[in-house]
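To start, the structure under review is shown below, and the notes come after it.
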Amino acid sequence: MKEKKIAVFFDCENISANHVPSIFDELANYGEVIIKQSFKDWSSSDKKNWNQELHEKFAIEPIQVFKSKSAKNSSDLRMQRAVIETMNKKNIDIIALVSSDSDFRDLAMHIRSNMHKAFGFGESKTPNSLRNAYSVFIELPTKKELVENKDLKIIKSLENTINSIKNEKNYCLVCALASYLKNKDSSNGPKKFGASTWKGVFKKYPNNFKLDYLNKSVLIVSLKH
């Protein structure tokens with residue numbers, strides 16, 4: 001089968017740049033992204049996470065939109081123009097809009113009426129009128145982001161615990177860690193951290209934690225640096 005070709009457009013005034021990696025991961029399930037554009041007044045100092053490094057990493061083309069005193073939605077209008085121009089290209093199968101702004105509802109419907117798949121990425125604030133206008137709507141954060149965020153919280157919690165109870169040799173007994181966490185919150189068992197045993201929990205994060213045995217029988221854990 002012919003691989004689908006995708007164009008994606010980012011409303012940088014409305015969406016956090018933190019979502020960009022997971023958006024491209026999600027789109028890879030549907031085809032190849034060959035047009036990537038972001039829209040913003042780059043002369044302003046806000047939204048600094050939409051920076052040069054991010055654009056270069058993902059090969060996104062930044063489109064400058066100067067803010068107009070008479071038109072509040074200059075960025076939206078410029079993005080709509082780019083989408084309509086792209087729709088005239090015969091090699092594009094899917095057009096993805098990254099915004100929670102309800103102003104894009106008619107544009108999404110127009111994309112679909114012109115025989116393109118309309119994909120939408122938006123945060124929980126995205127109104128149903130916009131969600132339902134797309135062929136496919138994906139709420140941000142994506143499932144992948146949620147998993148990653150949960151892992152980061154678990155890692156941070158375990159790192160803080162180890163730093164609190166480690167000895168002068170920079171390790172702690174796993175049984176002591178388990179007891180410490182249980183004393184803080186009775187629900188703090190290994191299953192809450194994603195595994196059936198504490199050994200299993202630490203094995204999930206080999207880049208962060210080092211397991212070893214003391215006297216060949218007592219399990220200890222330390223941080224990897």
Side-chain angles (χ1 to χ4, degrees), residues 4-87 89 92 94-104 107-108 111 118-127 130-131 134 136-156 159 205 207-208 224-225:
K4 301 292 185 183
K5 302 300 180 184
I6 304 171
V8 60
F9 302 91
F10 295 92
D11 177 7
C12 302
E13 305 288 351
N14 186 269
I15 291 288
S16 168
N18 295 331
H19 298 303
V20 170
S22 64
I23 288 171
F24 282 117
D25 285 346
E26 185 68 27
L27 288 174
N29 295 316
Y30 298 95
E32 180 188 7
V33 182
I34 61 173
I35 295 176
K36 313 167 190 176
Q37 294 182 343
S38 59
F39 298 82
K40 182 184 175 298
D41 180 1
W42 303 106
S43 63
S44 66
S45 58
D46 61 333
K47 310 285 185 184
K48 290 183 178 180
N49 53 356
W50 284 100
N51 54 31
Q52 181 178 347
E53 181 182 357
L54 178 80
H55 281 77
E56 290 179 349
K57 180 178 179 179
F58 293 98
I60 303 171
E61 178 187 4
I63 306 297
Q64 169 64 33
V65 184
F66 289 107
K67 289 184 178 178
S68 171
K69 292 181 180 180
S70 61
K72 294 182 179 179
N73 297 322
S74 301
S75 184
D76 292 358
L77 293 172
R78 179 63 184 87
M79 185 166 152
Q80 289 178 21
R81 179 186 133 192
V83 169
I84 291 171
E85 289 172 350
T86 300
M87 286 169 56
K89 300 179 185 293
I92 295 297
I94 298 170
I95 294 177
L97 308 181
V98 184
S99 178
S100 304
D101 192 337
S102 60
D103 289 344
F104 288 109
L107 180 61
I111 292 169
F119 279 35
F121 291 87
E123 295 167 346
S124 59
K125 62 185 177 183
T126 307
L130 178 57
R131 292 169 184 251
Y134 289 113
V136 175
F137 177 78
I138 298 161
E139 186 170 310
L140 299 171
T142 64
K143 289 181 180 179
K144 181 176 184 295
E145 282 182 280
L146 290 172
V147 170
E148 289 176 346
N149 289 341
K150 183 180 179 182
D151 284 340
L152 288 174
K153 289 179 180 178
I154 288 174
I155 290 168
K156 191 65 178 176
E159 286 178 341
Y205 310 108
N207 294 326
N208 304 92
K224 279 190 175 180
H225 298 288

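Worth knowing before you read on, the calculation uses all heavy atoms, side chains too, and leaves out hydrogens, waters and symmetry mates. Residues: numbered from 1 along the sequence shown.
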I'd like a table of donor-acceptor pairs (distance under 3.5 Å, sequence neighbours excluded) in which one partner is a side-chain atom from residues 147-155, with atom names and distances.
from : atom 1 : to   : atom 2 : distance (Å)
E148 : OE2    : K144 : NZ     : 2.4
N149 : ND2    : E145 : O      : 3.3
D151 : OD1    : Y205 : OH     : 2.9

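- Between N49 and L54, the closest side-chain pair of non-hydrogen atoms is not below 4.5 Å.
- Counting heavy atoms from C-beta on, the side chains of F121 and T126 never come closer than 4.5 Å.
- Taking CZ from F9 and CZ from F119, the interatomic distance works out to 14.5 Å, rounded to the nearest 0.5 Å.
- R78 is not listed as a side-chain neighbour of Q64, based on a closest heavy-atom distance of 4.5 Å or more.
- Shown are Q80, M87, R81; of these, the side-chain contact (heavy atoms from CB on, under 4.5 Å) with V83 is made only by M87.
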Throw together a table of side-chain donor-acceptor distances under 3.5 angstrom for residues 27-36, partners on residues two or more places apart or in other chains.
from : atom 1 : to  : atom 2 : distance (Å)
N29  : ND2    : E26 : O      : 3.3
E32  : OE1    : K5  : NZ     : 2.5
K36  : NZ     : F58 : O      : 3.0

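- Formation of a donor-acceptor pair under 3.5 Å by the W42 side chain with backbone atoms of I63 is found in this model.
- Between T86 atom OG1 and Q37 atom CD the span is 6.0 Å, to the nearest 0.5 Å.
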Between L107 and M79, does a side-chain contact (heavy atoms from CB on, under 4.5 Å) hold up when you go through it step by step?
-> CA-CA 10 Å; L107 180 61; M79 185 166 152; 5.7 Å; no
Report the C-alpha separation of D11 and V98 in whole Å, then their side-chain angles, then the decisive distance to 0.1 Å, and conclude whether the side-chain contact (heavy atoms from CB on, under 4.5 Å) test is met.
-> CA-CA 6 Å; D11 177 7; V98 184; over 6 Å; no
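- Contact annotation: the side chain of F24 approaches that of V8 to within less than 4.5 Å [non-hydrogen atoms, C-beta and beyond].
- The salt bridge (charged side-chain N to carboxylate O under 4.0 Å, His left out) test applied to K125 returns E123, not counting sequence neighbours.
- V65 is not listed as a side-chain neighbour of D76, based on a closest heavy-atom distance of 4.5 Å or more.
- The line from OG of S38 to CH2 of W50 is 6.0 Å long, rounded to the nearest 0.5 Å.
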Please report the C-alpha distance between E53 and K57 in whole Å, then the side-chain angles of each, then the deciding distance to 0.1 Å, and finally whether the salt bridge (charged side-chain N to carboxylate O under 4.0 Å, His left out) criterion is met.
-> CA-CA 6 Å; E53 181 182 357; K57 180 178 179 179; over 6 Å; no
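- The two residues Y134 and A118 have their closest heavy-atom pair at CB-O, 3.4 Å.
- Proximity of a side-chain donor or acceptor of H55 to a complementary backbone N or O of N51 within less than 3.5 Å is detected.
- In this structure, the side chain of N14 does not engage the main chain of S99 through any donor-acceptor pair within 3.5 Å.
- Side-chain contact between I60 and F10: present, with at least one pair of heavy atoms (C-beta onward) separated by less than 4.5 Å.
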Before giving the answer on side-chain contact (heavy atoms from CB on, under 4.5 Å), spell out for I15 and L140 the whole-Å C-alpha distance, their side-chain angles and the decisive distance to 0.1 Å.
-> CA-CA 9 Å; I15 291 288; L140 299 171; 4.2 Å; yes
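- Inter-residue side-chain proximity for K4 and I94 is flagged as met; some heavy-atom pair is nearer than 4.5 Å.
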Candidate pair D41 and S75, rule side-chain contact (heavy atoms from CB on, under 4.5 Å), full reasoning = CA-CA 8 Å; D41 180 1; S75 184; over 6 Å; no
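- Around the CD atom of Q52, the shell of radius 6.0 Å holds no more than 12 heavy atoms that belong to other residues, nucleotides or ligands.
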